[in-house]
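This report refers to the structure that appears directly beneath it.
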Amino acid sequence: MADYEFLSEQTVPDYIREHPELAAKIDPDTLVSIREVGDGNLNLVFLASDAAGRGMCLKQALPYVRMTGEGWPMTPDRARHEVDSLRAHHALTPALLPEVYLYDPQRYIIAMEDLSDHQVWRGALIAGERHEGAATAMGTYVGAVAFGTSLFAMDREALARAIASSVNPQLCTITEDLVFSEPVSGSDRNAWLPGNQPDVVGFQADDAMKQAMGWAKWLFMTKTEALIHGDLHTGSVMVRTPHGSTTCDSVKAFDSEFAFYGPLAFDLGALFANYVIAAARAFALDEDARAEWCLSLVTQTWAGFDAEFRRRWPSRLDARVWDEAFLERLLLTWRSEAWLFAAAKMSRRMIGAAKTRDIESLPESLREGAVRGILRLARRMVVERDQDSAVEHLTSLAGSILAETRTN
Ligand code: SR1
Ligand code: MG
């Protein structure tokens, strides 16, 4: 039994009324719409709008995983990790995150900017839309976080306190199990199409893949580099374009309840993996030009990241030891680790729990080839990153494998 009250569409007006800082943003007496729109795996999400057209989002963490129900308890304190990271990241790149209005630690509710004039990027990608600028913006976001929440920018005491309060073991355990351990070693939560049985058997028998996932999990559990988002897939990004345009005028990362001080390249790898998944869908549908465009997002994100990190680099603390040669070596390390994390993130979505709609909404006959291609690509990536981790190499490898393995 939870010891706090869950929000409902009926109680949202009173909740706003009871909090003057919210009632100043939206009129609880003239609400014209209140909808529960949570479509993620974990939380309740309400969108409210008033007669003057003002909106607000109220997100509440449940004490269990919504995807499975009460049988999988999960700390609602994850909302604190989300709000702390949203605030820290917003301070670094205000345009790329929603504004937080209030955090209620008794009921684990975050009140924040309404983004209902945006779309979830994954949905837009599935619909075949283009949102130019979104991938670069996400690279900028990760670059700002990489620098601004790290030892390059933070006072030693403040950094230690930030690391301590970011420790998020329950959410990290989900990632450690679902992303790194279970796909390659087996779990009751895994599932795949009968036609992909040989692909999964090959994947799980691949010693290089197993070694790579062990390494990736170790990095994830030991590298305390920056306050990463922790779940930066295309369903954690909102995009908006002006009417008639395909160029974004707003891009926002959200849903950072998995945030903790972890390996920076995990966020890059999550983005890369989800671009590959979007490309696999497009190849499966014989939309080759679109698939190549999806793969070009990898290059755009890396370029945005690289540019933003380099832009901030001159203001680093202790340039005595962190010189230009260090910078180049660091960027190469992150690029190679991003390949590794991308391989983990793309294969978990094919084998493990919590799959992606990009692939699941394909007819089974097409899904089989898309899954085969992604698993084959992941196996190649964990090996090839040691030879050449250029992003162009990743996109050309992905293009040839995904085009070759598609089915019809
Ligand atoms: C039990 S949560 C399953 C997945 O949903 C989240 O979005 C994360 O990706 C997590 O692994
Ligand atoms: Mg999420």
Side-chain angles (χ1 to χ4, degrees), residues 36-46 57 59-86 89 97-98 108 110 112 115 118-123 125 138 141 168-184 187-191 213 216-217 220-221 228-239 252-260 262-263 266-278 341-360 374:
E36 203 287 305
V37 296
D39 66 349
N41 296 323
L42 293 162
N43 307 297
L44 295 174
V45 182
F46 295 89
C57 172
K59 178 171 177 179
Q60 185 175 36
L62 297 169
Y64 52 82
V65 173
R66 185 176 182 175
M67 179 177 86
T68 52
E70 295 184 40
W72 189 347
M74 188 56 53
T75 175
D77 192 45
R78 62 187 186 266
R80 175 178 63 84
H81 292 288
E82 178 166 350
V83 85
D84 284 354
S85 55
L86 273 175
H89 296 174
L97 295 121
Y108 307 101
I110 306 171
M112 62 187 142
L115 298 178
H118 291 59
Q119 287 173 266
V120 177
W121 197 13
R122 186 185 301 288
L125 287 165
M138 283 302 98
Y141 163 58
N168 193 358
Q170 286 200 28
L171 279 280
C172 285
T173 300
I174 294 180
T175 304
E176 289 151 21
D177 290 342
L178 267 56
V179 176
F180 301 118
S181 294
E182 295 184 2
V184 79
S187 160
D188 290 348
R189 289 191 278 233
N190 292 347
M213 291 306 97
K217 182 169 178 173
F220 184 81
M221 295 178 74
I228 66 171
H229 179 287
D231 197 23
L232 193 51
H233 53 76
T234 50
S236 296
V237 182
M238 303 288 275
V239 291
K252 309 261 187 195
F254 70 112
D255 210 16
S256 52
E257 65 207 310
F258 285 77
F260 76 115
F266 187 73
D267 281 352
L268 293 169
L271 290 165
F272 291 2
N274 282 271
Y275 303 154
V276 165
I277 289 170
F341 288 126
K345 297 281 276 181
M346 66 178 74
S347 44
R348 67 73 62 110
R349 297 286 185 199
M350 301 304 109
I351 297 176
K355 296 189 163 56
T356 63
R357 199 153 54 82
D358 318 48
I359 303 300
E360 294 304 292
I374 289 168

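We count ligands from 1, going down the list as the structure has it; atoms in each ligand are counted the same way. Counting from 1, the numbers follow the sequence of the chain as shown. Predicted model only: the values in this text are computed from it and were never measured.
- Among all protein heavy atoms, the one lying closest to atom 5 (O) of ligand 1 is Asn41 ND2, 2.6 Å.
- Of the protein's heavy atoms, Asp231 OD2, 3.3 Å lies nearest to atom 8 (C) of ligand 1.
- Between His233 and Arg122 there is a side-chain heavy-atom pair separated by less than 4.5 Å.
- From His81, atom NE2 reaches atom CG of Asn168 across 3.5 Å, with rounding to the nearest 0.5 Å.
- Distances from ligand 1 to the non-hydrogen atoms of Thr175 include no value under 4.0 Å.
- For ligand 1, the atoms sitting less than 4.0 Å from at least one non-hydrogen atom of His233 are 7 (O), numbered in the order shown with element in parentheses.
- Listed for the Gln170 side chain is a donor-acceptor partner under 3.5 Å among the backbone atoms of Thr75.
- Between the side chains of Asn43 and Glu82, no donor-acceptor pair of N or O atoms lies under 3.5 Å.
- Near-neighbour remark for the Mg ion (ligand 2): protein N, O or S atoms under 2.8 Å are Asp255 OD2; waters not counted.
- Ionic pairing of Arg66 and Glu257 is not present here: no N-O contact between side-chain nitrogen and carboxylate oxygen is shorter than 4.0 angstrom.
- Residue Val65 has at least one heavy-atom neighbour below 4.0 Å for each of these atoms of ligand 1: 1 (C).
- Near Arg349, meaning under 4.0 Å from any of its heavy atoms, are these atoms of ligand 1: 9 (O).
- For the pair Phe260/Ile228, a side-chain contact is recorded, criterion being any heavy-atom separation below 4.5 Å from C-beta on.
- Atoms of ligand 1 lying under 4.0 Å from any heavy atom of Trp72, numbered from 1 in the order shown and given with element: 1 (C).
- Among all non-hydrogen protein atoms, the one lying nearest atom 11 (O) of ligand 1 is Arg348 NH2, 2.7 Å.
- Atoms of ligand 1 lying under 4.0 Å from at least one heavy atom of Ala354, given by number and element, are 3 (C), 4 (C).
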